[in-house]
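Read the numbers this way: they start at 1 and go in the same order the structure lists the ligands and their atoms. Bear in mind the structure is a predicted one, so any value in this text is a computation, not a measurement.
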Amino acid sequence: MSEPRRALVTGITGQDGSYLAEFLLERGYQVYGLVRRASSQRFERIEHLRERVELVTGDLLDQASLSRALTLSRPHEIYNLAAQSFVPTSWTEPVLTAEFSGVGVTRLLECMRQVCPEARFYQASTSEMFGKVREVPQRETTPLYPRSPYGVAKAYAHHITVNYRESYGLYCCSGILFNHESPRRGREFVTRKVSLAAAAIARGRQKGLAMGNLDARRDWGYACDYVDAMWRMLQQESPEDFVIATGEMHTVREVCEIAFSTLGLDWREHVTLDPALLRPAEVDQLVGDASKAREKLGWRPRTSFRELIELMARSDYEAAGSPRT
Ligand code: NAP
Ligand code: G4F
């Protein structure tokens with residue numbers, strides 16, 4: 001019997017990492033996850049997988065730990081999902097963001113080149129790199145114009161991934177993913193912030209919700225659909241970069257409308273505006289053209305925007321339990 005394929009997932013404790021680990025386990029992979037040491041570990045998203053995945057400690061800031069993780073796991077596939085991924089934090093911690101989300105990728109690529117050059121590498125690139133967009137919709141060839149320190153760090157990471165492919169002939173791909181959400185989304189991101197608040201208000205546990213720019217628009221998809229695309233990119237004959245997106249833009253206001261109405265509420269009675277939540281620079285028309293992924297990977301999104309927001313609101317409502325008396 002042939003040995004199972006091995007995958008190393010950095011960022012396994014995050015939204016995408018947890019779904020990708022499930023996806024790979026279902027396909028018979030032996031899954032290793034890179035986790036950083038913390039005084040109290042938060043493994044909620046992978047609690048149900050703890051018996052089935054091998055956790056290796058390491059940090060994108062520490063090259064020796066990455067080298068050790070690769071030596072231990074001997075991966076056929078490496079999925080680099082770890083990053084400081086919250087855009088507002090990148091203005092308050094720009095250097096750390098550059099270290100994690102930018103230079104950290106070079107550390108990992110350099111280790112791969114030395115320890116397991118035959119492995120295949122996936123880099124979690126982002127639509128945030130398009131920033132002040134040069135064309136609408138954005139494609140693989142659209143020039144980058146990042147508008148946040150996070151976007152700048154990710155643009156560096158994107159280019160270094162391409163550079164290692166072209167310089168050393170490594171199998172390295174960048175998936176340029178547009179926003180994707182789920183009930184496991186971090187609580188500070190807008191869709192989850194709204195679904196949590198709608199659920200808490202419906203349960204009588206919260207009064208109102210302060211929001212930033214309600215006119216901001218994004219191309220929002222479902223995280224479970226998107227991890228499938230990551231895997232497909234590493235199964236191609238040769239490495240290429242792909243945009244993964246729904247091709248539809250919606251506003252934050254629509255997120256509020258759907259989440260609140262799913263739970264029988266009128267968002268206008270609960271949402272207030274807080275100028276402190278506005279960003280120093282916004283990105284206006286992020287919307288992706290995923291035709292290359294459709295044609296070459298056979299990938300398409302399966303979950304609509306409305307279905308996504310409804311499922312998030314219902315999930316948070318269930319988790320919030322019964323109303324307080
Ligand atoms: P997430 O939930 O914020 O998860 C980030 C992960 O990175 C966590 O597991 C975190 O570990 C880990 N991490 C952070 N700093 C690290 C370090 N120095 N060393 C090792 N691990 C570190 O992010 P996500 O939404 O799943 O996104 C996954 C990736 O896709 C990220 O790179 C993100 O930038 C990118 N991306 C996301 C989207 C989206 O819409 N979700 C779109 C495009 C691209 P802890 O649990 O220890 O904090
Ligand atoms: O949910 P967000 O914080 O996501 P953002 O900034 O688009 O970044 C996410 O998607 C990127 C892909 O393009 C990823 F690379 C990145 O790692 C992350 O996953 O904000 C979405 C929009 C913004 O325009 C923001 O201004 O929602 C607007 N917004 C309005 N009120 C708010 C709020 N965002 C947050 N987080 N909180 C608010 O109260």
Closest heavy-atom contact between Ala245 and Asp219? CB-OD2, 3.3 Å
Report yes or no: does Arg184 have a heavy atom closer than 4.0 Å to ligand 1? no
for atom 25 (O) of ligand 1, nearest protein heavy atom and its distance come out as Arg185 NH1, 3.4 Å
Check ligand 2 against Ser85 and write out every atom of the ligand that is under 4.0 Å from a heavy-atom position of the residue. 16 (C), 17 (O), 18 (C)
Nearest non-hydrogen partners of Cys111 and Ser67, listed with the distance: SG-N, 3.7 Å
Any idea which atoms of ligand 1 are less than 4.0 Å away from a heavy-atom of Phe100? 15 (N), 18 (N)
To the nearest 0.5 angstrom, please state how far the OH atom of Tyr168 sits from the CG atom of Asn163. 7.5 Å
List every atom of ligand 1 that sits less than 4.0 Å from any heavy atom of Thr126, numbering the atoms from 1 in the order shown and giving each element. 43 (C), 44 (C)
Heavy-atom contacts under 4.0 Å between Lys193 and ligand 2: side chain, backbone, both, or neither? side chain
Consider side chain to side chain contact (heavy atoms under 4.5 Å, CB included). Of Leu49, Ile46, Thr13, which one does Leu55 pass it with? Ile46
Can you tell me which residue and heavy atom of the protein come closest to atom 21 (N) of ligand 1, and the distance to 0.1 Å? Ala82 CB, 3.4 Å
Going by the atom numbers of ligand 1, which of them fall below 4.0 Å from some non-hydrogen atom of Asn179? 40 (O)
Between Asp289 (side chain) and Gln138 (backbone), is there a donor-acceptor pair under 3.5 Å? no
With respect to atom 14 (C) of ligand 2, which of Phe189, Tyr150, Trp220, Phe86 exhibits the smallest heavy-atom separation? Tyr150
Closest approach of any protein heavy atom to atom 10 (C) of ligand 1, naming residue and atom: Thr13 OG1, 4.0 Å
Is there a heavy atom of Leu81 sitting under 4.0 angstrom from any atom of ligand 1? yes
Starting from atom 31 (N) of ligand 2, which protein heavy atom do you reach first, and at what distance in Å? Gly212 N, 3.0 Å
What is the minimum heavy-atom distance between Leu66 and Leu108, and which atoms define it? CD1-N, 3.9 Å
Looking at atom 8 (O) of ligand 2, what's its closest protein heavy atom, distance included? Val87 CG2, 3.6 Å
When you check the side-chain N and O atoms of Glu54 and Ser73, is any donor under 3.5 Å from an acceptor? no
For Asp316, run the salt bridge (charged side-chain N to carboxylate O under 4.0 Å, His left out) check against Arg187, Arg203, Arg192 and tell me which one passes. Arg192
Going by heavy-atom distance to atom 28 (C) of ligand 2, choose the closest among Val252, Leu177, Asn179, Leu286. Val252
Ligand 2-proximal atoms of Arg185, by part, heavy-atom distance under 4.0 Å: side chain
Relative to each other, are the rings of Phe260 and His270 parallel, tilted or perpendicular (30° and 60° limits)? parallel
Atom 47 (O) of ligand 1 [closest protein heavy-atom partner, distance rounded to 0.1 Å]: Arg36 NE, 2.9 Å
Taking atom 18 (N) of ligand 1 as the reference point, the nearest protein heavy atom with its distance: Asp59 OD1, 2.9 Å
Would you mind checking which non-hydrogen protein atom is closest to atom 13 (O) of ligand 2, with the distance to 0.1 Å? Ser127 OG, 2.6 Å
Test item: side-chain donor near acceptor, Glu128 and Ser148, under 3.5 Å: yes
Does Val190 approach ligand 2 within less than 4.0 angstrom via side chain, backbone, both or neither, non-hydrogen atoms only? both
Report the nearest protein non-hydrogen atom to atom 39 (C) of ligand 1: residue, atom name, distance rounded to 0.1 Å. His180 CE1, 3.3 Å
Using a plain distance cutoff, I'd like to know if Gln15 has any nitrogen or oxygen under 3.5 Å from a nitrogen or oxygen of ligand 1. yes
Applying the ring-ring contact (aromatic ring centres under 6.0 Å, His included) criterion to Tyr226, which one of Trp299, Phe178, Phe242, Tyr122 satisfies it? Trp299
Specify the protein heavy atom at minimum distance from atom 4 (O) of ligand 1: its residue, its atom name, and the distance to 0.1 Å. Gly14 CA, 3.4 Å
Can you tell me if Arg205 uses its side chain to pair, donor with acceptor, with the backbone of Ala320 under 3.5 Å? yes
For Thr126, the ligand 2 atoms with a heavy-atom partner under 4.0 Å come out as 11 (C), 12 (C), 13 (O), 14 (C), 15 (F)
List the closest protein heavy-atom neighbour of atom 2 (P) of ligand 2: residue, atom name, distance to the nearest 0.1 Å. Arg279 NH2, 3.6 Å
Heavy-atom proximity to atom 26 (O) of ligand 2 ranks first, among Glu282, Arg218, Met211, Arg253, for Glu282
Could you list the atoms of ligand 1 found under 4.0 angstrom from a heavy atom of Ala124? 29 (C), 30 (O), 32 (O), 35 (C)
When you look at CZ of Arg306, are more than 12 heavy atoms from neighbouring residues, nucleotides or ligands closer to it than 6.0 Å? no
In terms of atom number and element, which parts of ligand 2 are under 4.0 angstrom from non-hydrogen atoms of Leu277? 39 (O)
Scan Glu237, Glu240, Glu140 and name whichever one has a salt bridge (charged side-chain N to carboxylate O under 4.0 Å, His left out) with Lys296. Glu240
Which residue and heavy atom of the protein sit nearest atom 33 (C) of ligand 1, plus the separation: Tyr150 OH, 3.6 Å
Of Glu44, Glu22, Glu47, which meets salt bridge (charged side-chain N to carboxylate O under 4.0 Å, His left out) against Arg184? Glu22
Please confirm whether Thr191 comes within less than 3.5 Å of ligand 2 when only nitrogen or oxygen atoms on both sides are compared. no
May I ask you to list the atoms of ligand 1 that are less than 4.0 angstrom from any heavy atom of Ser85? 1 (P), 3 (O), 23 (O), 33 (C), 34 (O)
Quick check on contacts: which atoms of ligand 1 are under 4.0 angstrom from a heavy atom of Ser125? 43 (C), 44 (C)
